Visitor: 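Submitted below is the structure of interest, expressed as structure tokens.
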Amino acid sequence: MIASVLLEIKAKSVDKTFDYKIPENLKSSLKVGMRVLVPFGAQKLEGYCLKIKETSNGSYELKEIIEQLDQEVILNEELMTIGLFMKSITLTSLSNAYSTMLPTALKAKKNKNISKKYETFLSLNVSYDEALFLCKNEIQKEILSLLDESITIPKKEANHISVSATKTLIKNGIVKEKKEEQYRYQIGLYEKTKPKILNEEQQKAKEKILSYQNQTKTILLHGVTGSGKTEIYMQVIEQIQRENKCALILVPEISLTPQFVENFSKRFDNQIAVLHSGLSGGEKYDEWRKIMRGEVKIVIGARSAIFAPLKNIGIIIIDECHSDSYKQENNPKYHVLDIATKRSEYHNCPLILGSATPTLEVMARAEKKVFELVSLRKRVHHNPLPTCILVDKKEEVKKGNVMISAILEEKINDRLQKQEQIMILLNRRGHSTIIECSSCGYTYKCPYCDITLTYHKTSKNLRCHYCGYTKYIDHLCPECKEDALNYYGMGTEKLELTLKEKFPSARIVRMDTDTTSKKGSLERIMEGFQNHDYDILIGTQMISKGLDFPNVTLVGILNADATLNIPDFRSGEKTFALLYQASGRAGRNNLPGEVVIETFNKDNKILNFVANQDYTSFYRYEMQIRKQLKYPPYYYLAQIKIKSKEYELARAEATKVVNYLKKNLNPMTIILGPTTANMFRINNVYHFEIMLKYRFDEKLKRTLQELDQIFIMNKKVDIDIDIRY
Ligand code: ADP
Ligand code: ZN
């Protein structure tokens, strides 16, 4: 018997399968989809067993597998197909695809520091009366009192009373010990809640979704904020479970939406596994095995949970499907939506895309009836969407209201008096964004990146938000040595100080990556705000996510222009989604909500669509622009980045790449560039960019693959291809 083993060799990951003899002792235990250790030249390498066959084509003598590394299959048939699919859509290697799909503990790499966790339990070995009779002293009896004929206790509880007495009890055969595998992560236990009575829109949506049970169908659930999408998901899943099927649910970021998992565990018994980046390697490994062993019926997780080895899937849900986080930034640059579609085909089950602000690509497919569109136009509690005011910041600055506008200040005072809560979004962390010397004009810049440094007052240093470079600041200008440094621009830190001065009695809390880096701090802030320990929550885009705080009646958005000015064709769409979501935090319960948006571009169309809470007009407007400029969804985009520490080299190679593409691609494909990237220099590496706009190009994939291969040999220049940018 021969095994074909997939090995990853070289840092740039080239796929190779090699044949190995299966030794006698592994013939019955080794299965396709397990990892093995094999000799490779002078080394020992880990690889995936992809095939077991009778004979090998090679003429050379085969070596034997050294060791079988798994007792359970880790790549089942479905995951193997997904790997191949991922390779085909992202141009990554198969071994890299599998590595991406599996938790760290199960990757075929030297990684033996994550193992199963065991706990030892004690139980009675004889009847209780007999045990009592055999006990020699009071301490032994005390340990015994924890036990009962049917009760098992963790050994550490007995050890807590006395280690030596516990030892004696075991030695004398009165109690026995047993080692059991323990799962590290446990979802909190909550009191169960009953399903809510759905309103008419919700009921219709639920029925529509269920009409596609056991069919491959993608459904866009387009519902305004607060329309009760989560309740629909839960009731659909209840129905699906009656057929003994499982549900896979993706959310953008679990740590920001703990209420989501909580709601599910209040409804469903202990059948939920959770997968996200906040878990330790060991916890992820355990959750993965719970799923593989079929011990859970529901998986809730962030991006990589799309690879959860759940069997018998009856529904896949991607909540907030417009979120950036569903696209992986690093290689392989896959989008969750593509993988989810593949899995929905495999399981013959519906795929639900939930959002208040779907991307244009998704909405366009729904309009073309490729996806089924289900809309929720009303909020559950029938309260209207919040009213929005656009404030002209230019006028405010003239009046001297540099930090916040007069109207926002007035409304904050009003809410504080009514004991209602306020959220303020400022999508920029730190204190001051620019420090300039008024004497010589010097500004602090990152020595490695093309960006000005941000001042953080609490830690008294300057930081690069790209590469993490930090520098302590002196009160003198480093250039002209004058005491003339001025601080401009406002981040969340400065805003917090400003508001504390303006509203001395208000209880204010700030939520951004600086205040939430410690484990548990994020949860504490959110819980505190939920319990009304705070009146005002200040934060970056973190606070715009799916949080549901019923007592918030005012949302202020301070630098609405920031995302709008990012040079990216999606900036309009991203701004709309961010501000619409943030606005949606206001007035979710019985109290009406108000939103104040401050901007230097009061006439900007996108901001006016947000102010009117009007997705449809936004969609029509933006689609027109995309059509004119030949952007998605009218064209596909591919992005190629050429990177090098040497500027001239990067530039020359980028030009060569363009010439190569011109020769090899379909003449209808538009090739733009090379241009310098938005962030031209990051960490001292220069970036050049080439964009491809195409509709159909049968030569595209192969050409890009070849290009990728050419650069594998190049040690000085790197290529980075995103085939569906
Ligand atoms: P969305 O995700 O669409 O923004 P949510 O699912 O968070 O909305 O629902 C908003 C609020 O309404 C939640 O507190 C939820 O518990 C509640 N809710 C949802 N459906 C109903 C219903 N049918 N009856 C009463 N309350 C509901
Ligand atoms: Zn930097």
Side-chain angles (χ1 to χ4, degrees), residues 190-210 219-239 247 249-254 256-268 298 300 315 317-323 325-326 352-358 362-363 373-386 421 423 526-527 529-532 541 543-553 555 576-593 595 610 613 615:
Y190 299 99
E191 221 174 289
K192 292 280 170 284
T193 56
K194 288 223 165 56
K196 296 197 163 70
I197 296 173
L198 299 182
N199 65 29
E200 210 181 305
E201 270 192 334
Q202 283 177 311
Q203 184 62 30
K204 276 200 183 133
K206 174 182 161 185
E207 280 163 16
K208 190 85 202 172
I209 293 167
L210 286 172
I219 301 155
L220 169 59
L221 181 61
H222 179 211
V224 297
T225 49
S227 55
K229 293 186 282 291
T230 315
E231 186 63 34
I232 299 175
Y233 301 153
M234 289 197 284
Q235 297 204 16
V236 165
I237 292 170
E238 263 162 55
Q239 198 62 38
I249 307 159
L250 297 201
V251 287
E253 241 170 312
I254 292 195
L256 294 177
T257 47
Q259 290 165 342
F260 195 91
V261 177
E262 199 180 307
N263 284 338
F264 273 79
S265 40
K266 279 179 181 163
R267 194 65 64 79
F268 298 95
I298 298 174
I300 304 176
I315 193 149
I317 296 167
I318 305 182
D319 191 35
E320 309 292 350
C321 65
H322 60 276
S323 168
S325 67
Y326 289 129
I352 313 296
L353 308 178
S355 175
T357 54
V362 164
M363 185 46 108
L373 176 63
V374 177
S375 303
L376 301 168
R377 296 192 172 81
K378 291 195 212 79
R379 285 184 152 190
V380 171
H381 299 289
H382 288 285
N383 47 343
L385 286 166
Q421 287 174 292
M423 285 166 86
M526 286 197 289
E527 234 180 84
F529 194 61
Q530 184 91 41
N531 297 337
H532 208 157
Q541 58 175 353
I543 65 166
S544 69
K545 301 284 156 71
L547 304 173
D548 191 10
F549 299 117
N551 200 34
V552 172
T553 57
V555 169
F576 183 84
L578 173 68
L579 302 191
Y580 184 98
Q581 292 285 342
S583 312
R585 302 304 112 212
R588 287 174 68 85
N589 219 328
N590 297 314
L591 305 162
V595 182
V610 176
Q613 299 278 294
Y615 176 84

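Note that these values count all heavy atoms, side chains included, but never hydrogens, waters or copies made by symmetry. Predicted model, so just to flag it, every value in this text is computed and none were measured. Read the numbers this way: they start at 1 and go in the same order the structure lists the ligands and their atoms.
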Visitor: Considering only heavy atoms, does L376 approach ligand 1 within less than 4.0 Å through its side chain, its backbone, both, or neither?
Guide: neither
Visitor: Considering the heavy atoms of T230, write down every atom of ligand 1 situated less than 4.0 Å from one of them.
Guide: 2 (O), 6 (O)
Visitor: Please determine which of L220, L221, L373, L353 meets the side chain to side chain contact (heavy atoms under 4.5 Å, CB included) test together with P358.
Guide: L220
Visitor: Go through ligand 1 atom by atom and flag the ones less than 4.0 Å from a non-hydrogen atom of L198.
Guide: 23 (N)
Visitor: Between the side chains of Q259 and Q530, does any donor sit under 3.5 Å from an acceptor?
Guide: yes
Visitor: Heavy atoms only, cut-off 4.0 Å: how does T225 contact ligand 1, side chain, backbone, both, or neither?
Guide: backbone
Visitor: Taking the side chain as every heavy atom from C-beta outward, state whether I317 and V236 have any pair of such atoms under 4.5 Å apart.
Guide: no
Visitor: Could you tell me whether R267 and E231 make a salt bridge, using a distance below 4.0 angstrom between a side-chain N and a carboxylate O?
Guide: yes
Visitor: For ligand 1, which atoms sit closer than 4.0 Å to a heavy atom of I197?
Guide: 22 (C), 23 (N), 24 (N)
Visitor: Just to be sure I'm reading this right: ignoring hydrogens, which of H381, Q581, R379, E231 gets closest to atom 17 (C) of ligand 1? Compare them by their nearest heavy atoms.
Guide: H381
Visitor: Does ligand 1 have a heavy atom under 4.0 Å from the side chain of K229, from its backbone, from both, or from neither?
Guide: both
Visitor: Any atoms of ligand 1 less than 4.0 Å from a non-hydrogen atom of S227? List them with their elements.
Guide: 1 (P), 3 (O), 8 (O)
Visitor: What pairs with H222 under ring-ring contact (aromatic ring centres under 6.0 Å, His included), at least two apart in sequence or on another chain?
Guide: Y615
Visitor: Could you pull out, from A356, G354, G226, G584, the option with a heavy atom nearest to atom 1 (P) of ligand 1?
Guide: G226
Visitor: Tell me, which pairs form a salt bridge (charged side-chain N to carboxylate O under 4.0 Å, His left out) where one or both residues lie in residues 194-203, sequence neighbours left out?
Guide: E200-K204
Visitor: State whether a side-chain donor-acceptor pair under 3.5 Å links Q239 with Q235.
Guide: no
